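What follows is a single structure, written as structure tokens, with notes after it.
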Amino acid sequence: MGERPRVWVSQPLFTDVLARIDAHAEVVRTPEVAAHGSADIAAHLAGVDGALVTLNERIDAGVLGAARRLRVVANLGVGYNNLDLDALTRAGVMATNTPDVLTETTADFGFALLMATARRITEGERWLRAGEWRRWSFETLLGQDLHGTTLGILGMGRIGQGIARRARGFGMRVLYHNRSRLPEATERECAARFVDRDALFAEADHLVLVLPYTPQTRHIVDAAALARMKPTATLVNIARGGIVDELALAGALAGGRLAAAGLDVFEDEPRVRPELMALRNVVLTPHIGSASGATRRAMVALAVDNLLAGLGAGPHAGRPPNLLNPAVAGAAR
Ligand code: DGY
């Protein structure tokens with residue numbers, strides 16, 4: 001029997017789910033949540049055949065240089081902007097992500113953040129806890145309705161469609177914009193109408209961002225886009241922080257050009273700009289869109305399947321089910 005493959009797991013993950021790898025590989029675990037710098041990532045990758053990584057770890061040409069035996073990088077998340085796919089493909093390393101298992105959980109969260117933002121729920125709680133609630137009054141903490149309003153969804157993938165289906169139950173009219181228009185049957189099922197991007201910004205009472213983060217979508221929500229929105233509108237971002245120009249957003253919120261924002265993702269996580277922290281009309285959550293216990297476990301289980309498949313040991317040996325770069329030599333074997 002040949003040498004067992006070696007695997008690096010970059011962050012602490014559910015022990016019982018990870019235990020499945022032990023039967024097939026030697027596992028280098030990370031006992032505490034760690035901020036791995038590039039040199040540290042490169043050193044770990046240099047000695048392993050596979051890696052299980054999170055959005056915290058940037059995998060690019062710089063860390064792959066010495067990773068001669070690396071065959072698969074299994075990313076824990078549907079978003080994979082932390083992976084340089086071209087560099088991985090050039091290095092002959094398979095890359096995978098974890099779609100589908102988090103769709104409904106993340107759509108639930110998107111809707112929860114939208115409601116908290118529009119109806120000022122966390123702001124109200126902060127106010128109450130600060131002892132500000134001295135008597136009930138008719139005009140306290142007035143928010144925006146959801147029912148009967150127009151929801152805009154930018155990015156109509158699986159999570160965007162999940163949010164549209166929820167909006168239907170709330171009696172909202174749904175508009176969306178996406179790189180490509182959805183098939184008519186899907187539009188009907190989501191009760192959503194395709195519009196161009198400018199119209200989406202202009203017509204939405206609530207706008208939810210669910211699009212992938214790429215060089216093309218960086219700061220797609222900039223000062224000009226924000227200026228197209230209604231001053232009474234709310235903006236919710238559950239995608240990636242870099243999609244929004246945060247300084248422009250803070251300016252619009254502070255200047256009354258936008259009613260409120262709900263942000264689960266930030267340009268420089270875990271740092272949140274003081275300009276946003278200082279605002280009352282923004283709900284800030286620490287990137288927890290997919291964070292239900294069941295879904296996070298399902299994500300790890302799927303990433304483990306992807307990893308084992310890439311190492312030739314899983315049920316799909318040789319071709320991970322969620323392969324992002326099929327061009328990698330040998331991946332289709
Ligand atoms: C995702 O799946 O992309 C989430 O942001 C967690 O990584």
Side-chain angles (χ1 to χ4, degrees), residues 10-11 35-38 41 53-63 73 75-88 95 97-99 102 106 109-110 113-114 117 152-160 163 176-179 197-198 200-201 204 207-229 233-254 258 260-279 282-291 324:
S10 70
Q11 300 291 341
H36 300 288
S38 303
I41 296 173
V53 302
T54 70
L55 57 86
N56 291 319
E57 289 80 46
R58 168 104 196 121
I59 310 295
D60 56 16
V63 302
V73 169
N75 196 46
L76 276 148
V78 64
Y80 51 87
N81 55 294
N82 56 313
L83 307 181
D84 180 338
L85 272 195
D86 289 342
L88 281 154
N97 69 340
T98 59
L102 47 69
T106 310
F109 182 83
L113 187 54
L114 170 60
T117 306
I153 301 176
L154 185 57
M156 198 61 161
R158 288 163 279 222
I159 299 170
I163 291 172
Y176 78 96
H177 182 76
N178 199 44
R179 253 179 326 182
R197 207 162 74 206
D198 286 356
L200 188 77
F201 279 87
L207 179 63
V208 181
L209 309 176
V210 211
L211 64 168
Y213 183 39
T214 64
Q216 292 72 39
T217 62
R218 185 181 138 73
H219 284 191
I220 208 170
V221 182
D222 58 6
L226 290 165
R228 270 180 220 114
M229 294 183 69
T234 56
L235 176 75
V236 168
N237 188 6
I238 57 166
R240 286 292 183 266
I243 290 169
V244 176
D245 177 344
E246 287 178 346
L247 273 183
L249 174 64
L253 289 165
L258 192 70
L263 305 175
D264 185 47
V265 287
F266 303 89
E267 286 198 80
D268 187 21
E269 295 176 11
R271 189 178 155 268
V272 178
R273 282 184 189 283
E275 293 86 349
L276 289 171
M277 290 285 227
L279 292 170
V282 57
V283 179
L284 306 167
T285 52
H287 201 147
I288 51 172
S290 60
L324 294 166

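This structure is a prediction, so every number in the text was calculated from the model and none was measured. What's counted below: heavy atoms across the whole structure, side chains too, no hydrogens, waters or symmetry copies. If you read the sequence from its start, that first residue is 1, and numbering goes on from there.
One distance of note links CG of L113 with CG of L263; it measures 7.5 Å at 0.5 Å rounding. The structure places CD1 of I243 at 4.5 Å from OG1 of T217, a figure rounded to the nearest 0.5 Å. Considering CG of L253 and CD of E275, their distance stands at 12.0 Å, rounded to 0.5 Å. Once rounded to the nearest 0.5 Å, the distance linking CG of L249 with CZ of R273 reads 10.0 Å. Within the model, atoms CG of L226 and CZ of F201 stand 7.5 Å from one another, a figure rounded to the nearest 0.5 Å. Distance check, rounded to the nearest 0.5 Å: CG of L235 to CG of N237 gives 6.5 Å.
The side-chain heavy atoms of R58 and S38, taken from C-beta on, include no pair separated by under 4.5 Å. Within the 4.5 Å cutoff, no side-chain heavy atoms of V208 are placed close to those of L154. Taking 4.5 Å as the limit, every side-chain heavy atom of F266 sits out of range of all side-chain heavy atoms of V244. Counting heavy atoms from C-beta outward, I159 and L102 have side chains that approach closer than 4.5 Å. A 4.5 Å side-chain heavy-atom check between H287 and E269 finds at least one atom pair inside the cut-off.
Of the candidates I163, L209, L114, I238 forms a side-chain contact (heavy atoms from CB on, under 4.5 Å) with just one, namely I163. No option in D264, L211, T214, L55 other than L55 meets the side-chain contact (heavy atoms from CB on, under 4.5 Å) test with R240.
At distances below 3.5 Å, at least one donor-acceptor pair connects side-chain atoms of H36 with backbone N or O atoms of S10. Between the side chain of D84 and the backbone N or O of D60 there is no donor-acceptor pair closer than 3.5 Å. Listed for the T234 side chain is no donor-acceptor partner under 3.5 Å among the backbone atoms of A260. In this structure, D268 contributes its side chain and R271 its backbone to no donor-acceptor pair below 3.5 Å.
A 6.0 Å sphere centred on CZ of F109 holds more than 12 heavy atoms belonging to other residues, nucleotides or ligands.
A donor-acceptor contact closer than 3.5 angstrom links the side chains of N75 and N82. Counting only N and O atoms by type, the side chains of H219 and E267 include a donor and acceptor under 3.5 Å apart.
The nearest pair of heavy atoms linking V78 to N97 is O-ND2, 3.0 Å. The minimum heavy-atom distance between L207 and I153, with the atom names listed, is CD1-N, 4.3 Å. In terms of heavy atoms, V221 sits closest to A225 at CA-CB, 4.0 Å. The heavy-atom pair separating A204 from G152 by the smallest distance is CB-N, 3.8 Å.
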